2 protein chains.
Amino acid sequence: MRGNLFAVAVDLVVLTVRDGELCVLLLERTAKPFAGEAALPGGFVRPAEDLLDAATRELVTETGLEIGTHHLEQLASYAAPDRDPRGRVLTVGHLALVPDLPEPAAGGAGCAWHPVAKVDQLAFDHAAILADGVERARAKLEYTTLAAAFCPEEFTISQLRRVYEAVWGTLPDPRNFSRKVTTTPGFLVPTGERLNAGRGRPGQLFRRGPATSLHPPMLRGDE
Amino acid sequence: MRGNLFAVAVDLVVLTVRDGELCVLLLERTAKPFAGEAALPGGFVRPAEDLLDAATRELVTETGLEIGTHHLEQLASYAAPDRDPRGRVLTVGHLALVPDLPEPAAGGAGCAWHPVAKVDQLAFDHAAILADGVERARAKLEYTTLAAAFCPEEFTISQLRRVYEAVWGTLPDPRNFSRKVTTTPGFLVPTGERLNAGRGRPGQLFRRGPATSLHPPMLRGDE
DNA sequence: ATGGGGTACCGTCACGCTGACGAGAACATC
DNA sequence: GATGTTCTCGTCAGCGTGACGGTACCCCAT
């Protein structure tokens, strides 16, 4: 074994959709490096702990979310020699997609949702990690059913469509969008109930189906 | 900084197409753990070295390839606590796509190409890393022009089609395939020359174009 | 020279999916 | 009831694709 050792951390890009905007969970740093600046939630990997376990643990402790219900995947690793002034730290970025929460963040203080479009500066190289996470999410909406991960347990097609609008910035046609998601087998499971949103005709409520991939994919207009 | 530190390595999934088969570069281990078994090329990250730099260095020293000409990207990180009996080692898997080389591998001894379909057992968790790399390559052929990375500097459409056949296991229709790749702007740049393959009408020679993505993607028949 | 095997490249056609609408059904409010 | 909003059913043209016939061009055997 070599003598040049690394500290290994996991950082989380936790995304949600609030009020039609794509938001990321950020916390204000209190510790020494980059104190006072915003940063992604994260922490060091413990001994005898795997990466996904560490990310799950951080997700639960930082946001108070239940375990297992939400989407969590590895993004990429970042290990530029000068990315941390304290020394050699490799961080494994993770992407989490969660529905809009009643309480912003039950975890520590200074933990809050920020619209991704308004984030300007972050500690360390977290801006690059965030950009990679957002791009991954955008790409995955094209060929997976992952948009439903942003929705609550039961949701209407309109709510699902607004997820695409928030993540992509483009608003798909309601009729064509409805046709696409309802004809994809296993994407949506109707509950038989309807949601009265106050205005207009109530929409049918759906639950997430077993399907995970979209064939053919749903392409966003721009590029 | 915590006391639980990791050794950090990079491992390479180097893929090529030889005789119509997708092959991976493997070397036989001589060092203590898993001695005698086949393993992916790789090594520890040096101080003040970034991940992609370390992967590039290993690629050059193990295979004798020139730098910068070939595709190299990060795959994912693997850090199961018991993946290395020597201690806590995190490895960052990388994927490299190279054209068929005249000499199998100029690097160390015991370094050779193996058909991916015939690989049965590898040291550490390298079998999982290889599987992820192959799956990534398969997926990327669908929506990128990366198949040309397996081809030499100049190539015909038939050679490019055989890359798809080797990676996907399915043989696309020659006429439809030709229409697809030639009508995609920026995929292929004709050189004006022809390649006499000995049998049949010589095919037109092309070079890689500036395009990187395929819109709409080329979907493989199966799933 | 002449024909045959093999490969490259042309064009055609039907099918499926998509974007772009029209129109009706089911709610709320006034 | 009238009006506005939203959901959900349609229709239609256009594009890309799978399937396939036909032709051009090369080498080689006769």
Side-chain angles (χ1 to χ4, degrees), chain A residues 20 141-143 145 151 154-165 168-207 211 213-223, chain B residues 20 141-143 145 147 151 154-165 168-206 211 213-223:
Chain A
L141 287 206
E142 287 191 338
Y143 59 95
T145 64
C151 294
E154 298 189 350
F155 54 93
T156 66
I157 296 185
S158 279
Q159 293 174 18
L160 187 66
R161 204 178 86 252
R162 269 182 273 272
V163 168
Y164 278 88
E165 181 189 9
W168 282 355
T170 65
L171 184 59
D173 181 81
R175 294 156 291 190
N176 296 333
F177 181 83
S178 180
R179 177 181 59 190
K180 175 68 175 175
V181 296
T182 52
T183 57
T184 299
F187 194 169
L188 301 177
V189 176
T191 65
E193 300 181 16
R194 297 181 160 275
L195 175 69
N196 197 330
R199 294 195 304 268
R201 174 176 171 176
Q204 201 175 350
L205 278 172
F206 293 90
R207 222 179 287 269
S213 61
L214 240 53
H215 275 285
M218 195 178 329
L219 298 175
R220 38 186 162 166
D222 58 1
E223 170 58 11
Chain B
L141 287 206
E142 287 191 339
Y143 59 95
T145 64
C151 295
E154 298 189 351
F155 54 94
T156 66
I157 296 185
S158 279
Q159 294 174 18
L160 187 65
R161 205 177 87 254
R162 268 181 274 272
V163 168
Y164 278 88
E165 181 188 8
W168 283 354
T170 65
L171 185 59
D173 181 81
R175 294 156 291 191
N176 295 332
F177 181 82
S178 180
R179 176 181 58 190
K180 174 68 175 176
V181 296
T182 52
T183 58
T184 298
F187 194 168
L188 300 178
V189 176
T191 65
E193 300 181 17
R194 296 183 160 274
L195 175 69
N196 197 330
R199 294 194 305 266
R201 173 175 172 177
Q204 201 175 351
L205 276 172
F206 293 91
S213 62
L214 240 53
H215 275 286
M218 196 179 327
L219 299 175
R220 39 185 161 163
D222 56 3
E223 170 67 10

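Since we're looking at a predicted model, the values are computed, not measured. Labels below follow one simple rule: chain letters A, B, ... track the order of the sequence lines, proteins then strands, and each chain is numbered from 1.
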Asks: Give a yes/no on whether any side-chain N or O of A/Gln204 is located under 4.0 angstrom from OP1 or OP2 of D/dC7.
Replies: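 Answer is no, no contact under 4.0 Å.
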Asks: Any donor-acceptor pair under 3.5 Å linking the side chain of B/Thr145 with the backbone of B/Ser213?
Replies: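 Side chain of B/Thr145 to backbone of B/Ser213, a donor-acceptor pair under 3.5 Å: no, none is there.
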Asks: What residues form a side-chain hydrogen bond (donor to acceptor under 3.5 Å, both in side chains) with B/Arg194, not counting sequence neighbours?
Replies: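 Result, side-chain hydrogen bond (donor to acceptor under 3.5 Å, both in side chains) vs B/Arg194: none returned.
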Asks: Please give, in whole Å, the distance from D/dT6 P to A/Phe177 CZ?
Replies: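 That distance rounds to 16 Å.
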Asks: Does A/Glu154 reach the side chain of A/Arg207, with side-chain heavy atoms less than 4.5 Å apart?
Replies: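 In short, these two side chains touch, coming nearer than 4.5 Å.
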Asks: To 10°, what angle do the rotation axes through the five end pairs on each side of the helix from C/dA1-D/dT30 to C/dC30-D/dG1 form?
Replies: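 It comes to 10° between the two terminal axes.
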Asks: What verdict does the side chain to side chain contact (heavy atoms under 4.5 Å, CB included) test give for B/Thr191 and B/Phe206, after you've listed the backbone C-alpha separation in whole Å, the side-chain angles of each residue and the deciding distance to 0.1 Å?
Replies: CA-CA 5 Å; B/Thr191 65; B/Phe206 293 91; 5.6 Å; no
Asks: Heavy atoms under 4.0 Å is the rule here; annotate nucleotides 24-30 of chain D 5' to 3' with B where the base is hit, S where only the sugar-phosphate is, and - elsewhere.
Replies: BBBS---
Asks: Would you say that A/Phe155 contacts A/Leu188 through its side chain, given a criterion of any heavy-atom pair below 4.5 Å between the two side chains?
Replies: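 Yes, their side chains come closer than 4.5 Å.
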Asks: Is it true that a side-chain atom of B/Tyr164 and a backbone atom of B/Thr170 form a donor plus acceptor pair closer than 3.5 Å?
Replies: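 Checked: no pair found.
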Asks: Whether A/Ser158 contacts D/dC7 is assessed here as follows: a side-chain N or O lying under 4.0 Å from the phosphate OP1 or OP2. Is that the case?
Replies: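 Yes.
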Asks: Identify each donor-acceptor pair in which a side-chain atom of residues 195-205 of chain B lies under 3.5 Å from a protein atom, sequence neighbours left out, and give them as a table.
Replies:
unit_1	atom_1	unit_2	atom_2	d
B/Asn196	OD1	B/Gly198	N	3.0

Asks: Determine yes or no for a side-chain-to-main-chain donor-acceptor pair under 3.5 angstrom, with A/Ser178 supplying the side chain and A/Arg175 the backbone.
Replies: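 Absent.
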Asks: Under a 4.5 Å cut-off applied to non-hydrogen side-chain atoms, are B/Phe187 and B/Lys180 in contact?
Replies: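 They are not in side-chain contact.
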Asks: Counting distance only, does the side-chain N/O of B/Thr182 pair as donor-acceptor with the main-chain N or O of B/Arg179 below 3.5 Å?
Replies: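 Between the backbone of B/Arg179 and the side chain of B/Thr182 there is a qualifying donor-acceptor contact (under 3.5 Å).
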Asks: Chain A on DNA chain C: first and last contacting nucleotide, 5' to 3', under 4.0 Å to a heavy atom?
Replies: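 Both ends considered, the range comes out as C/dC17 to C/dA28.
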Asks: Along nucleotides 12-21 of chain D, 5' to 3', which nucleotides get a B, which get an S, and which get a -, given that the test is a protein heavy-atom distance under 4.0 Å?
Replies: ----SBBBBB
Asks: So does B/Gln159 get a backbone contact from the side chain of B/Thr156, meaning a donor-acceptor N/O pair under 3.5 Å?
Replies: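 It does hold such a pair.
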